[in-house]
Amino acid sequence: MSAFAGKRILLCVSGGIAAYKAAALTSALVQRGAIVDVAMTEAAEEFVGPLTFAALTGRQVYSSLWDAPESIPHIRLVREAQVALVAPATADIIAKLAQGIAGDLVTSALLAARIPVLLAPAMNDAMYNDPATQSNLRTLRERGYEIVEPESGFLAERETGIGRLASEDAILQALETILTRTQSLKGKRVLITGGPTREAFDPVRFVSNPSTGATGIALAREAVLRGADVTLILGPTHLPPPAGVEVVAVVSAQDMYDAALGRAQEADLIIATAAVADWRPEKTSAQKTKKGEDDLDVRMVRTPDVLAAIGERKNSAVLVGFAAETENHETNARAKMARKHLDAIAVNDVSGGRAFGAQTNALTVLWGAGERRDLGVASKEVLAARLLDCIKNDVISD
Ligand code: CTP
């Protein structure tokens with residue numbers, strides 16, 4: 001059965017060119033069995049008429065606080081719905097939500113929402129990249145709003161850039177993740193490693209890799225939303241850590257090892273997503289190395305393998321690793337799983353620069369003697385949810 005069947009969804013449409021896509025989205029939701037209430041801002045009505053949404057949903061469309069005041073629509077709409085989706089979410093509505101400005105029906109309803117709210121931003125790339133918009137999105141994320149990132153591509157200004165409304169598929173996947181989420185990790189202690197590590201050879205130079213920590217952050221967020229008590233040991237990244245998570249910021253592989261080993265003993269589930277540097281410069285100089293005419297030889301020595309060390313001391317915790325592979329993916333990953341005493345391993349293909357820093361990813365989970373589940377191609381947020389489902393339903397119950 002469709003995850004949407006019988007579900008009440010509040011679709012808030014704000015005033016951007018992508019508002020026309022909200023009509024197709026409404027139809028897709030209705031076809032999947034959802035009961036959709038549409039609320040529009042005044043600006044949205046400049047782009048699409050409320051009649052379109054009324055015909056598609058078979059329901060009244062709301063745009064004013066003053067339409068049916070006796071039923072207090074801004075409160076009723078968010079009480080009756082299981083999830084609110086803002087698509088498109090313009091820079092204006094994102095700024096208003098971040099500030100708690102509630103001058104119309106849509107912003108008032110969202111301010112009163114105690115249900116999950118999913119934002120699908122769409123705007124010009126300069127507006128999207130503006131520090132004000134980015135800071136507002138960060139604020140909203142920290143407050144628990146979920147975001148389905150815009151895509152890069154052809155914009156209304158006939159230019160190419162980031163800011164196109166996420167695809168219908170990506171929005172439906174993100175909504176499905178929210179609608180099917182349960183408190184399946186309530187009371188569980190989850191330890192996650194994420195991000196790159198930096199191995200310094202002097203105070204201003206280091207060896208590292210392009211990991212942003214997005215996968216670890218997405219998993220930590222999803223685990224919290226499922227009721228877990230989450231600790232995220234996170235290497236250096238510009239991405240903000242999720243709300244409600246204990247974050248231990250580390251720099252080097254040795255720092256990550258020191259932070260992880262003790263905490264691993266207390267955990268019920270450990271997921272290692274970190275792209276730990278495998279080598280570090282043998283010597284680290286306290287002062288900046290002055291450059292002369294000569295080349296520099298730096299001898300690299302092995303760093304500790306954080307996950308293997310946790311695996312050696314494995315108790316009852318479920319241990320899940322990641323394998324970044326460029327060839328012979330499954331064979332290499334299964335060998336890693338055995339070597340590090342893991343219960344399961346999630347494999348991603350990092351050939352051609354894939355996965356690192358990208359918005360979407362493709363994962364396959366391997367466990368047992370020959371079990372596997374393909375989690376498909378999706379955003380890192382959606383894959384995080386699918387991976388936690390797979391661990392709970394397949395890996396643990398096997
Ligand atoms: N890992 C770790 N500490 C390290 C290296 C890796 O905890 N020093 C963890 C990663 O977080 C991941 C798993 O081990 O969960 C596999 O990482 P990967 O880089 O794919 O494999 P490596 O063990 O480094 O092997 P190789 O580089 O030879 O592929």
Side-chain angles (χ1 to χ4, degrees), residues 190-200 206-220 223 230-237 248 250-265 267 269-282 300-314 317-358 361-367 375 380 383-384 387-388 390-391 395:
V190 176
L191 178 69
I192 297 171
T193 67
T197 65
R198 285 181 184 170
E199 313 301 326
F206 56 81
V207 177
S208 190
N209 61 62
S211 163
T212 58
T215 296
I217 289 172
L219 273 164
V230 182
T231 302
L232 173 63
I233 303 177
L234 187 61
T237 172
V248 184
V250 296
V251 177
S252 67
Q254 186 64 47
D255 295 343
M256 190 169 274
Y257 180 93
D258 294 341
L261 270 263
R263 289 177 172 86
Q265 295 308 309
L269 168 63
I270 302 168
I271 310 179
T273 74
V276 185
D278 292 316
W279 296 274
R280 64 171 173 81
E282 184 178 29
M300 303 290 284
V301 297
R302 284 294 313 271
T303 53
D305 190 316
V306 182
L307 184 56
I310 294 174
E312 268 165 37
R313 297 160 181 73
K314 186 167 153 48
V318 174
L319 196 48
V320 180
F322 268 65
E325 304 293 345
T326 55
E327 57 179 357
N328 303 327
H329 304 75
E330 297 207 12
T331 316
N332 286 343
R334 281 204 180 271
K336 250 172 226 178
M337 181 164 79
R339 196 168 65 240
K340 303 193 188 193
H341 308 285
L342 310 180
D343 295 288
I345 193 154
V347 197
N348 59 19
D349 178 2
V350 288
S351 59
R354 266 193 288 272
F356 284 130
N361 197 3
L363 280 185
T364 303
V365 186
L366 310 177
W367 72 97
L375 302 187
K380 290 180 177 176
L383 285 175
L387 176 59
L388 291 179
C390 174
I391 294 170
V395 177

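All ligand and atom numbering here is 1-based and tracks the order in the structure. Worth saying up front: this structure is predicted, and the values here are computed from it rather than measured.
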Top protein contact for atom 4 (C) of ligand 1, by heavy-atom distance: V276 CB, 3.4 Å

Gap between atom CZ of R198 and atom OG of S252 - 0.5 Å precision: 11.5 Å

Protein contact of atom 7 (O) of ligand 1 - nearest heavy atom, named by residue and atom, plus distance: L307 N, 2.8 Å

Minimum non-hydrogen distance to atom 8 (N) of ligand 1, winning option of A335, G194, P304, A324: P304

Close side-chain approach of D305 and V276, heavy atoms under 4.5 Å: no

Residue pair L319, L307: steps toward the side-chain contact (heavy atoms from CB on, under 4.5 Å) verdict: CA-CA 9 Å; L319 196 48; L307 184 56; 3.7 Å; yes

Atom 28 (O) of ligand 1 within contact range, any protein heavy atom under 4.0 Å: no

Validation row: W279, V207 side chains within 4.5 angstrom (heavy atoms): no

Atom 10 (C) of ligand 1: the protein heavy-atom neighbour that sits closest, reported with distance to 0.1 Å: A274 O, 3.3 Å

Minimum side-chain heavy-atom gap L219-L387 below 4.5 Å: yes

Heavy-atom side-chain contact between R280 and Q254 under 4.5 Å: no

A275 N/O to ligand 1 N/O under 3.5 Å: no

Identity and separation of the nearest protein heavy atom to atom 26 (P) of ligand 1: K336 NZ, 4.0 Å

Residue pair T197, D255: steps toward the side-chain contact (heavy atoms from CB on, under 4.5 Å) verdict: CA-CA 9 Å; T197 65; D255 295 343; over 6 Å; no

Minimum-distance pair of heavy atoms, taken over all atoms of Y257 and P304: CD1-CB, 3.5 Å

Non-hydrogen side-chain atoms of V320 and L269 separated by less than 4.5 Å: yes

Contacting atoms of ligand 1, where contact means under 4.0 angstrom from a heavy atom of A323: 20 (O)

For atom 5 (C) of ligand 1, closest protein heavy-atom neighbour: D278 OD1, 3.5 Å

Contact check, side chains of I310 and L261, non-hydrogen atoms, under 4.5 Å: yes

contact_flag A253 ligand 1 heavy-atom lt 4.0 Å: no

Close side-chain approach of I391 and I271, heavy atoms under 4.5 Å: yes

For atom 6 (C) of ligand 1, the protein heavy atom that lies nearest, with its residue and separation: K340 NZ, 3.6 Å

Nearest non-hydrogen protein atom, atom 12 (C) of ligand 1: F322 O, 3.0 Å

Whether M256 lies under 4.0 Å from ligand 1, heavy atom: no

Residue and atom name of the nearest protein heavy atom (relative to atom 2 (C) of ligand 1), distance in Å to one decimal: D305 OD1, 3.4 Å

For G321, the ligand 1 atoms whose distance to one of its heavy atoms is below 4.0 Å: 15 (O)

Ligand-residue contact atoms, ligand 1 with A272, heavy atoms, under 4.0 Å: 11 (O), 12 (C), 15 (O)

Closer than 4.0 Å: a protein non-hydrogen atom to atom 19 (O) of ligand 1: no

